[in-house]
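This report refers to the structure that appears directly beneath it.
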2 protein chains.
Amino acid sequence: MVMRKDSRLSRVLHVLVHMDQLDGPATSDTIARMLNTNPVVVRRTMALLKTEGYVTSVKGHGGGWSLARPLSAITLYDVHRALGEGSVFTIGLTDEHTDCPIEQAVNGAIDDVLEEAESLLLARFRDVTLDRLQFRSRSEKVSNSG
Amino acid sequence: MVMRKDSRLSRVLHVLVHMDQLDGPATSDTIARMLNTNPVVVRRTMALLKTEGYVTSVKGHGGGWSLARPLSAITLYDVHRALGEGSVFTIGLTDEHTDCPIEQAVNGAIDDVLEEAESLLLARFRDVTLDRLQFRSRSEKVSNSG
DNA sequence: TTATCATGTAACTTTTAATGTTTCATGTAT
DNA sequence: ATACATGAAACATTAAAAGTTACATGATAA
């Protein structure tokens, strides 16, 4: 039941935007150095994106990872979902006295709130395509109408 | 950087509502048995609530933990805050290339969304007082107007 | 005033899943 | 063939919450 404060989304997005600016494929070693991590972790993570069709991989000389779609056709939601994380919340519910009406009430109340907040979060993620992360300045806000 | 899927909020709320139905104080041992945990963990957690004035503790014979306020004067937000958790999200941001405009853009976009979702979540938590968890049936939803 | 009970707290161990690492198999280009 | 790069299995490391042990402090009751 332990989960890291997961910065994979942030790191993967960072990589994907950089990849768009490269000519050829990026190797797992190159990406690992970018992210201060190691190639196997990179392969594990990129494999999830490959399954969903966001990147491709080529073996051998001159191989590596490439975008399978333009950044404008990938959203924050797509990447988040591909990474396959469960709940986005650190807050969890108990499941020990499922017959206790108080536990049911407590969990129900918390769950209502978590579901609403998660729905909002995912909706916002769906609104942001990765091409919008290329030139965004520090103070600029991502809005729905833009 | 590891954090458990934290069910402390759910567990503590469960306890607080039960405490309201008791005559005298509840000991750490009693509460620990309720939660399938141990007394020291209970004391650590209850100490956080005591600091914020939501419960009191009495030592010695007949001692234990009691509510310092009626349930109607404690919100989900109060308890959540007292437990002193950091972010409610498992999603975190990188902080390794703070000079890279792409990382800034990525983190900015994610952070905008997280902040909005967290604001909503906390606002909803503020709307729910613990007395509303006493009789809530399974299908009943907590609404703002009710 | 002594025994018992209960919180307060420090120090240490356990747990657990992501991450890191090693190693080798598989496939590809030169 | 050789070098390069992904694919993947197996194992070690890490880090923070939770569990545990031990003892000090304070309060009640006999």
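Just so you know, these numbers use all the heavy atoms, side chains as well, and skip hydrogens, waters and symmetry mates. Since we're looking at a predicted model, the values are computed, not measured. Labels below follow one simple rule: chain letters A, B, ... track the order of the sequence lines, proteins then strands, and each chain is numbered from 1.
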field: Rounded distance in Å - CE (A:M46) to P (D:dA8)
entry: 15 Å

- request: Would you tell me if any nitrogen or oxygen in the side chain of B:R43 comes within less than 4.0 Å of OP1 or OP2 on C:dG8?
  value: no

task: For the side chain of A:N38, starting at C-beta, report the closest nucleotide among C:dT7, D:dA22, C:dG20.
output: C:dG20

- prompt: Hey, quick one: are B:V41 and B:L49 part of the same hydrophobic cluster, counting side-chain heavy atoms closer than 4.5 Å, chains of contacts allowed?
  reply: no

- prompt: Starting at CG of B:L48 and ending at P of C:dT7, how long is that distance when rounded to a whole Å?
  reply: 15 Å

query: Looking at C:dT4, C:dA29, D:dG19, which one has an atom nearest to any side-chain atom of B:V41?
result: D:dG19

Nearest-0.5 Å distance that lies between atom CG in B:N38 and atom CD1 in B:I31: 12.5 Å

message: Closest approach to the side chain of B:S57, judged atom by atom: which nucleotide of C:dT7, C:dT19, D:dG19 is it?
response: C:dT7

query: Is the shortest side-chain N/O distance from A:S28 to OP1 or OP2 of D:dT6 below 4.0 Å?
result: yes

- prompt: Hey, does the side-chain of A:R44 have a donor or acceptor N/O within less than 3.5 Å of a partner on the base of C:dG20?
  reply: yes

field: Straight-line distance of B:T45 OG1 to B:R11 CZ, nearest 0.5 Å
entry: 8.5 Å

- request: Determine: side-chain N/O of B:T27 to OP1/OP2 of C:dC5, distance under 4.0 Å, yes or no.
  value: no

- prompt: Which residue lies toward the 5' end of DNA chain C, B:P39 or A:H61, if each is placed at its nearest nucleotide?
  reply: B:P39

message: Nearest whole Å is fine: how far is C:dG20 C1' from A:N36 CG?
response: 13 Å

task: Answer yes or no: does a side-chain N or O of A:K50 lie under 4.0 Å from OP1 or OP2 of D:dG7?
output: yes

message: Please report the distance, rounded to the nearest Å, between CG in A:D29 and C1' in D:dG7.
response: 14 Å

- prompt: Roughly how far apart are B:T30 OG1 and B:M34 CE, rounded to 0.5 Å?
  reply: 9.5 Å

task: Would you mind reading off the distance between A:I91 atom CD1 and D:dA17 atom P, rounded to a whole angstrom?
output: 14 Å

task: Rounded off to whole Å, could you give me the CH2-to-P distance for the A:W65 and D:dA5 pair?
output: 14 Å

message: I need the NZ-P distance between A:K59 and C:dA25, as an integer number of Å.
response: 13 Å

message: Count I, L, V, M, F, W, Y as connected when their side-chain heavy atoms are under 4.5 Å apart, and connections chain through other members. Are A:L121 and A:Y77 then in the same cluster?
response: yes

query: Nearest to the side chain of B:V40, which nucleotide is it out of C:dT22, C:dT9, C:dT7?
result: C:dT9

message: I want to confirm an ordering. Mapping A:V58 and A:T37 to their closest nucleotides on DNA chain C, which one lands closer to the 5' end?
response: A:T37

- prompt: B:R8 side chain N/O closer than 4.0 Å to the phosphate oxygens (OP1, OP2) of D:dA18?
  reply: yes

